[in-house]
Every structure is written in structure tokens, then in C-alpha cells.
Q: 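I have a structure here, written as C-alpha cells, and I will follow up with some questions on it.
Residue numbering restarts at 1 for every chain, and letters A, B, ... go by the order of the sequence lines.
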4 protein chains.
Amino acid sequence: MRHEKVDVIFQAAIKVFADSGFDQARMDEIAKEAGVAKGTIYYHFKSKEDLFVGLMNEGVQKLIDFAKRSIKRYDSPTEQMQALVKSHVLFYVENGMLAKLLLSEAFGTKSRQHQFRMKIHEYLRLIETILRRGAETGEFKVKHVPEAASAFFGAASVVVLQKLYSLEESELRQIDEAVPQMIESLQHIVMCSIKNSPYL
Amino acid sequence: MRHEKVDVIFQAAIKVFADSGFDQARMDEIAKEAGVAKGTIYYHFKSKEDLFVGLMNEGVQKLIDFAKRSIKRYDSPTEQMQALVKSHVLFYVENGMLAKLLLSEAFGTKSRQHQFRMKIHEYLRLIETILRRGAETGEFKVKHVPEAASAFFGAASVVVLQKLYSLEESELRQIDEAVPQMIESLQHIVMCSIKNSPYL
Amino acid sequence: MRHEKVDVIFQAAIKVFADSGFDQARMDEIAKEAGVAKGTIYYHFKSKEDLFVGLMNEGVQKLIDFAKRSIKRYDSPTEQMQALVKSHVLFYVENGMLAKLLLSEAFGTKSRQHQFRMKIHEYLRLIETILRRGAETGEFKVKHVPEAASAFFGAASVVVLQKLYSLEESELRQIDEAVPQMIESLQHIVMCSIKNSPYL
Amino acid sequence: MRHEKVDVIFQAAIKVFADSGFDQARMDEIAKEAGVAKGTIYYHFKSKEDLFVGLMNEGVQKLIDFAKRSIKRYDSPTEQMQALVKSHVLFYVENGMLAKLLLSEAFGTKSRQHQFRMKIHEYLRLIETILRRGAETGEFKVKHVPEAASAFFGAASVVVLQKLYSLEESELRQIDEAVPQMIESLQHIVMCSIKNSPYL
DNA sequence: GATGAATGAGCTTTCATTCAT
DNA sequence: AATGAATGAAAGCTCATTCAT
């Protein structure tokens with residue numbers, strides 16, 4: 001069982017990293033947000049980078065777990081793909097900070113960014129798995145599976161973020177109203193492009 | 001006519017910002033890369049942020065101009081949309097650095113990020129214009145135009161970046177071989193999801 | 001109880017600020033003089049300006065306290081005024097650095113200079129209080145109290161500084177011999193100009 | 001005859017140095033104020049310090065000349081001393097910037113400050129000359145002439161500056177109303193303390 | 001386990017000065 | 001004589017990290 005303080009620090013770190021990005025995040029602020037002394041963070045984590053990597057892995061893992069739970073309820077690849085798109089949007093709306101970090105910290109040559117991409121790759125493989133199963137059952141027809149997975153990931157991520165940042169601070173509650181629209185749009189795009197036979 | 005040194009600094013800055021992101025980029029490094037003294041940068045730009053904003057605006061403008069030139073050669077929205085996807089991929093492969101900054105620095109609450117999103121919005125509006133024209137001619141059928149534009153932008157951006165970063169340093173030349181594949185995949189996704197009638 | 005390091009920094013800062021003035025004083029030098037790292041200063045003080053303001057307030061407060069203690073021993077305004085002049089000279093000779101900063105940093109439109117003048121004003125009010133009490137008892141006759149207070153302050157300050165700077169480095173010990181002369185001169189000036197009846 | 005541009009630069013420099021003090025004054029600003037290129041200043045002056053020293057000498061010289069002209073109209077040391085006090089106040093009110101620089105830049109160990117003190121010393125010697133002549137004629141009785149000169153200089157300087165800075169920006173016109181009061185106060189102080197016989 | 005005072009390398013920015021034109 | 005683009009030394013300040021308690 002993880003130490004109690006570690007959880008407190010994780011929660012604080014998520015918030016601060018999401019608000020500010022890796023570079024602008026201050027260990028001081030994380031400590032203050034967590035209500036612990038700065039030294040305590042260093043007792044539990046080797047470095048800022050270490051904390052960040054742990055955090056990102058956990059974040060993406062949650063995204064993966066959430067997606068897997070959504071998928072599990074369906075058998076056909078078609079339904080699973082739709083469930084995946086829906087879970088992606090819902091998770092991002094609920095965890096906007098992660099979405100932002102996903103795009104802003106995923107690309108780069110730094111070691112932490114490489115590690116981060118590895119973790120994201122797990123999620124992409126989940127998408128690819130469904131696509132491949134759909135191809136086997138004959139429901140889907142996808143020529144370049146990895147490219148399709150990347151494309152869906154990018155499309156879904158940018159659509160949600162663009163919506164989040166286009167709403168003013170005061171209108172942020174309207175994001176919930178926009179969710180069905182985003183899900184519909186993305187499902188349409190995804191299904192159209194992979195369905196063997198024409199999609200509605 | 002812009003001063004010669006300004007161009008040298010711009011070229012150096014785009015390289016360094018792309019390598020490291022805004023925060024990790026060092027003015028020292030930009031100066032060294034440009035072969036000028038650090039003070040020279042500050043003689044021409046008010047601040048690091050000023051340099052970055054100028055750079056990004058110019059970068060996105062080039063993307064917009066490149067896309068517009070590609071589109072101009074065609075009349076039908078269908079051909080224009082395919083041309084746009086192609087130009088997007090080609091531009092990103094040629095300007096991988098800008099592509100990375102486009103995703104990593106576009107989202108956030110900083111003023112420079114807001115300015116940056118405004119500029120990207122110009123590009124999104126270009127996509128939307130084609131989509132709307134296609135809807136008018138009856139070639140396209142798009143329910144939520146802004147969402148579709150964001151989705152295509154996100155899909156195309158992530159596909160190229162994912163490919164760029166999945167190739168090791170030594171295999172970077174292979175990127176050119178991957179270009180047709182990426183274009184084909186993205187065109188397929190885009191056309192399928194907007195075509196009024198089934199797209200083969 | 002104030003932290004030990006704060007005192008060390010204060011002592012070093014007063015020396016460096018006095019040697020060089022606010023602008024020419026270097027935080028590096030203060031740190032070196034104090035035997036602490038530069039960061040330590042910024043751990044305890046918000047900025048160079050913050051350090052300076054704290055220092056000046058404390059310095060002038062010491063001058064005020066010293067004057068008040070000197071005055072307390074006497075009842076008659078006449079004796080108090082003489083005590084004040086004497087204490088002023090003694091304090092300045094002992095704290096030449098503060099004296100210099102008092103004149104060189106008090107005037108200007110910067111916020112820190114305004115704050116500084118406010119503090120000096122406390123000292124001037126002390127002088128004015130004695131002058132007014134003397135007027136009540138009939139011992140003094142002063143037409144413009146604030147002008148008189150400023151004049152005595154300026155006279156005493158410049159006399160000591162002029163003497164300090166007219167002595168070469170090597171003759172600085174002679175300052176002690178000059179003290180009685182300065183006190184006598186200033187007391188003469190002050191008493192003559194405020195005494196109701198002729199002062200010998 | 002001095003080069004035309006030198007005068008333009010001098011006028012600009014006076015303004016900028018007075019507004020900001022030596023350290024905070026920027027050569028850029030002086031150039032802009034003078035309407036010349038920065039290089040032009042360096043064509044006529046060796047350095048910022050060189051410009052400042054030249055300026056200060058000229059400023060103090062003007063003060064000296066103004067005092068001498070005021071004195072010349074009278075024969076008796078008594079009248080001359082009163083004229084000197086009056087001219088000092090009038091000059092300071094008219095040239096507040098010089099007054100400020102006089103106090104803020106006169107003390108210190110820098111070479112320019114030493115040179116500056118030398119120049120001020122000329123003014124002090126002028127005061128001393130009158131005091132000594134008064135002693136010879138029997139009108140005055142001054143025990144320590146240099147101390148008295150310093151005291152009068154300090155008193156007059158601080159009185160005017162304190163008044164200038166105590167008035168808010170908007171009330172600066174009231175300074176003219178305060179002039180007679182300052183002159184009266186200072187003349188009273190000076191005359192009382194040097195007159196052989198009681199001064200009313 | 002936990003703390004927070006202390007550190008110092010490293011950052012952006014400033015600005016007096018130079019020099020080719 | 002005059003210019004102003006270019007310079008680079010130095011400054012104030014930040015903040016991840018350490019370590020004695």
C-alpha cells in the first residue's frame with residue numbers, strides 16, 4: 001500500500017503540472033498545495049522529473065483502464081470502437097490537465113518525454129488491437145493500422161482541448177453540453193473511415 | 001526589407017525553440033546558433049516571449065500560405081480538401097520543429113499561448129471554409145464543422161509527429177518513404193467522414 | 001527572535017549599500033561580505049529593494065531610539081535640544097554609512113525613496129516636538145517649525161559628512177578629535193536661532 | 001565657442017541625470033532627449049562619467065556665479081550673507097534637479113564624487129570668505145568657520161529639497177509661495193548664529 | 001519520516017561602449 | 001561629424017536540490 005503522503009503529493013502535483021506544464025511547475029507550489037514541506041517530496045521522489053514521470057504513467061494508466069472498462073461491456077469491434085471514442089472524450093473532459101500534458105509533453109527528445117511516449121504507446125496499441133480484431137471479423141477495413149490509431153488519438157485529443165480552451169473561464173460549465181456533439185463528430189469520423197461497408 | 005540579422009536570429013530561434021520548447025530554450029543557445037551576440041537578439045526583439053510570438057506567427061502564416069497555394073490549383077472542394085491534407089503532411093515533414101511547437105505550445109493560459117491559438121485559428125478557418133463550400137455544392141455532408149476541422153488538424157498533426165518521433169535518429173531518412181502512406185491514411189479518414197456518398 | 005542569518009545579511013548590506021549606494025551595490029558583494037550564498041539573501045528578502053527598505057527603516061529607527069534615549073535624561077527643552085544635537089553627531093560619526101545613505105537616498109521619486117522619507121519624517125517630528133514644547137514654555141521662539149527642523153537636520157548631517165570625507169583614509173582617527181568642535185558649532189547655530197533671549 | 005551639439009546634449013543630460021540620478025540615467029534616454037544618436041554623445045564625451053562630471057561642474061559653477069552676482073550688489077558682510085541665503089534658495093527652487101544631485105552624488109569614494117566635492121568646496125569657500133570678512137569688520141563672530149559654512153549649506157539644501165518632495169506633484173506650484181518662508185527661516189538661523197550682537 | 005533554511009548554477013535582461021559606415 | 005547596429009560583461013533573481021536537525 002502506497003504511503004499516505006505520496007498520494008497527497010501526487011494529487012497536488014497533478015494539479016500544478018496541469019496548470020503550468022512541466023517547466024513552469026514549481027516544487028514549492030506542489031509542496032504548498034500538498035501541505036507538506038518541500039523536503040518531503042524529495043524524500044519520496046528522486047527529482048522533479050521522477051515525480052512527473054510517475055504522475056504521467058499513472059495518468060495514462062487511468063486513461064487506459066477507463067478505456068478498457070468501457071470496451072469490456074461490448075463484444076463487437078464496432079461497438080467497442082464507439083465506446084472507446086466516447087470514453088476518450090469523457091476522460092479528457094474530466095481530466096483536462098492530463099489531456100494538455102499529453103500533447104505538450106509527449107513530443108521531444110528528453111528522456112522523460114521518451115518514457116511518456118512509451119506509455120502513450122500502450123494506449124495506441126489498445127486502439128490498434130480493436131482495429132485489427134475488426135479487420136479479422138470483417139467489420140473494419142483499415143489499410144494502415146498505426147497511422148489510423150495515431151490519427152484517432154490526435155483528432156480526439158485536439159477536439160476536446162480546442163473546445164476547452166475556446167470556452168472562456170465563465171462558460172466552462174457549457175463544456176458538458178458540448179460533450180455529446182464532440183462524441184458524435186468523432187464517432188462519425190472514426191466509423192466512416194474504418195467501416196467496411198458505408199456508415200449511415 | 002527586413003534586416004539581415006533578424007532572419008538569422010529567426011532561423012536559429014525556430015531550431016532551438018523546437019528542440020527544447022519555450023521554457024527550456026536558452027537565449028544563449030539561440031545567440032550561439034545564430035552566430036550573434038546575445039545583446040543583438042535583444043536589440044531586435046523585446047524579450048524571449050516577443051521573439052517566440054513573432055516566430056510562431058510567421059511559422060503558422062507559412063503553413064497557411066503553403067496550404068492556400070496548394071488549394072488554389074483546384075476548384076472542387078473535394079480536390080481542395082485532398083490537397084490540403086497533402087500540403088499539411090508535406091509542410092510538417094519539412095518543418096517538424098514547427099509541428100511540435102504547434103501542439104506543445106498551443107494550449108495553456110499564458111498570453112503567448114492565447115495569441116498562438118488565435119493564429120492557429122486562422123488555419124482552422126481555412127479548413128472550415130472548404131468544408132462549408134463542399135456542403136453548399138452538395139459534395140460534403142458535415143454536421144459539426146468546427147469539430148471536424150479540429151479533428152482533421154489534430155489527426156494530421158499527431159500522425160506526422162508520431163512518425164517523426166518513432167523513427168530513430170538514424171532512420172530519419174525513411175520519413176520520406178512514409179509520407180505517401182501518411183497522406184493516404186489521412187485523406188482516407190477525412191474523405192470518408194465528409195463525403196456525402198460512400199468513399200471507396 | 002530574528003533569525004541569525006538575517007542579522008548577518010543586514011550588517012553586510014549596510015556596509016555595501018553605504019560604500020556604493022543603492023544602484024552600485026551588488027547582491028553578490030553583499031552575499032560575499034555576509035559569508036552566505038546569494039540565494040540565502042533572496043530566501044529572507046523579496047528583492048534588493050526590500051532589503052534596502054528594511055535596512056533603512058531599521059537604521060533610522062536606531063537613530064530615533066538613540067535620540068530619544070539622549071533626550072529622556074533632560075526635562076527642559078533647551079537641554080533636550082542640546083542633547084539631540086550631540087546625539088545626532090555621535091550617531092553619525094559612529095554610523096557614517098547610514099549618514100551617507102540618509103542624504104543620498106532620501107530624495108527621489110522612487111517608491112523606496114518615498115518610504116525612506118516617511119521614516120526620516122519620524123525623526124523630524126521628534127525635533128519638531130521639542131521645538132514646540134520649548135515654544136510653549138517660552139524658552140524658544142520659532143516661527144516656522146518644520147523649516148527649522150529640516151534645517152537643523154540638514155546642517156548636522158552635512159557637517160559630519162563633510163568632515164568625514166574631508167579627512168583622508170589615514171586620518172580617519174582624527175574624527176574623534178573633531179567631534180566636540182562639530183557639536184559645539186551645531187549647538188551654537190541651533191540655540192542661537194531658537195532661543196527667545198540672546199544666547200551667548 | 002562650444003560646439004552646438006554639445007549644448008544640446010548638456011541640456012538633455014541635465015534633465016535626465018536630475019530625473020534619475022547618475023546610475024539610473026540611461027545614455028539612450030539622454031540621446032533621445034537631445035535628439036541625437038547615441039554615438040554622437042560618445043563623439044563629444046569620453047564616457048557617461050565624463051559627461052556627468054562636466055555637467056556637475058557647470059551646474060555648481062552656475063550656482064557660484066549666481067551667488068556672486070547676488071553678493072556683488074552689497075558691501076557689508078551682513079547684507080551679503082542674507083543675499084547669499086536668498087540666492088541659494090532661489091537657485092535651488094529653480095534648479096531642483098541640481099539640488100538633488102548635489103546631496104546624492106556629493107558623498108562617496110568614487111572619483112567623480114571626489115571631483116564633485118572639490119567643486120562644491122569652491123562654493124563653501126565663498127561662504128567662508130564672507131564669514132571671515134564679517135569677523136574682520138566685527139559684524140560676525142564665528143568660532144569654526146568651515147563647520148559653519150557646511151552647516152549653512154546643508155541646512156539650506158535640505159530645507160528646499162524637503163519642501164520640494166513634500167509637495168505632491170499637483171501642488172508643485174505652491175513652491176513659489178513657500179519661498180519667502182524658507183528664505184526667512186534660513187536667514188534667521190544664519191544671522192542669529194553668526195551675529196556678534198543679538199539678532200532680532 | 002519530515003522539515004525548511006541554505007545553496008549556487010544558471011537564467012533573462014540591461015546598457016555603456018565601440019566601430020564600420 | 002554623426003550614426004545606430006552590434007556587443008558582451010554583468011546584474012538581479014529563480015528554483016531544483018541538499019542536508020543538518
Q: Measure from NZ on C:K32 to C1' on F:dA11 and round the result to the nearest Å.
A: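 Computing the C:K32:NZ to F:dA11:C1' distance gives 16 Å.
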Q: For C:G39 and for B:D23, find the nucleotide of DNA chain E with the closest heavy atom, then tell me which residue's nucleotide is more 5'.
A: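 So the residue in question is C:G39.
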Q: Once you measure the plane-to-plane angle for B:F17 and B:F52, does it fall in the parallel (<30°), tilted (30-60°) or perpendicular (>60°) bin?
A: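 Taking B:F52 first and then B:F17, their aromatic rings stand perpendicular (interplane angle over 60°).
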Q: Provide, to the nearest angstrom, the distance between the CD1 atom belonging to C:I9 and the P atom belonging to F:dG12.
A: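 Between P of F:dG12 and CD1 of C:I9: 15 Å.
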Q: Is any side-chain heavy atom of C:K48 closer than 4.5 Å to one of C:F22?
A: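 C:F22 vs C:K48: side chains touch.
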Q: Of the nucleotides E:dT7, F:dT18, E:dT17, which has the atom closest to the A:Y42 side chain?
A: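 Nearest to the side chain of A:Y42 among the choices is F:dT18.
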Q: For side-chain hydrogen bond (donor to acceptor under 3.5 Å, both in side chains), just list the numbers for B:D65 and B:Q61, CA-CA rounded to whole Å, side-chain angles, deciding distance to a tenth of an Å, and then say yes or no.
A: CA-CA 6 Å; B:D65 292 343; B:Q61 189 59 53; 3.0 Å; yes
Q: For D:R26 and E:dA16, is the shortest distance between a side-chain N/O and OP1 or OP2 below 4.0 Å?
A: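 Yes, D:R26 has a side-chain N/O under 4.0 Å of OP1/OP2 on E:dA16.
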Q: Mind calculating the distance between NZ (D:K46) and P (E:dC19) to the nearest angstrom?
A: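 It works out to 16 Å between those atoms.
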Q: Between E:dA6, F:dA6, F:dT17, which nucleotide has the shortest distance from any of its atoms to the side chain of C:T40?
A: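 Taking heavy atoms from C-beta onward, the closest nucleotide is E:dA6.
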Q: Between the side chains of C:E105 and C:R112, is the shortest nitrogen-to-carboxylate-oxygen separation below 4.0 Å, so that they form an ion pair?
A: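 Salt bridge present between C:R112 and C:E105.
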Q: One thing to verify: whether A:K32 and A:D28 come together as a salt bridge, which I'm taking to mean a side-chain N less than 4.0 angstrom from a carboxylate O.
A: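 Between A:K32 and A:D28 there is no salt bridge, as every charged N stays at least 4.0 Å from the carboxylate O atoms.
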Q: So C:A25, base contact, sugar-phosphate only, or nothing? Heavy-atom distance under 4.0 Å.
A: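 Contact class for C:A25: sugar-phosphate only.
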Q: Can you tell me if the side-chain N/O atoms of A:Y43 get under 4.0 Å from OP1 or OP2 in E:dA2?
A: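 So the side chain of A:Y43 is outside the cut-off, no N or O lying under 4.0 Å from OP1 or OP2 of E:dA2.
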Q: What integer distance in Å separates C:I41:CD1 from F:dA11:P?
A: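 Answer to the nearest Å: 13 Å.
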Q: In this structure, how many angstroms lie between the P atom of F:dA16 and the CD atom of A:E29, rounded?
A: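 So the two atoms are 11 Å apart, to the nearest Å.
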Q: Are B:K48 and E:dT13 close enough that a side-chain N or O sits under 4.0 Å from OP1 or OP2?
A: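 Answer is no, no contact under 4.0 Å.
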Q: Mind checking whether B:M27 and B:Y42 have side chains closer than 4.5 Å, heavy atoms only?
A: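 Of all side-chain heavy-atom pairs linking B:Y42 with B:M27, at least one is under 4.5 Å.
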Q: Would you mind telling me which residue lines up with the more 5' stretch of DNA chain E, B:D28 or C:A37, judged by nearest nucleotide?
A: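 Nearest nucleotide further toward 5': that of C:A37.
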Q: Grab the CD1-C1' distance between C:I30 and F:dC13 for me, whole Å please.
A: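 Going from C:I30 (CD1) to F:dC13 (C1'), I get 13 Å.
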Q: What pattern of brackets, bars and dots sums up DNA chain F from 5' to 3', given Watson-Crick or G-U wobble pairs under 3.5 Å, [ ] for crossing pairs and | for another strand?
A: .||||||||||||||||||||
Q: Find the distance A:F22:CZ to F:dC15:P and express it as a whole number of Å.
A: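 It is 13 Å, rounded to the nearest whole Å.
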Q: Tell me, please, whether A:F107 has A:R117 positioned over its six-membered ring: NZ or CZ under 6.0 Å from the ring centre and within 45 degrees of its axis?
A: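 No, a cation-pi geometry is absent between A:R117 and A:F107.
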Q: For B:K38 and E:dT13, give me the distance from atom NZ to atom P, rounded to whole Å.
A: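 The distance from NZ of B:K38 to P of E:dT13 comes to 10 Å, rounded to the nearest Å.
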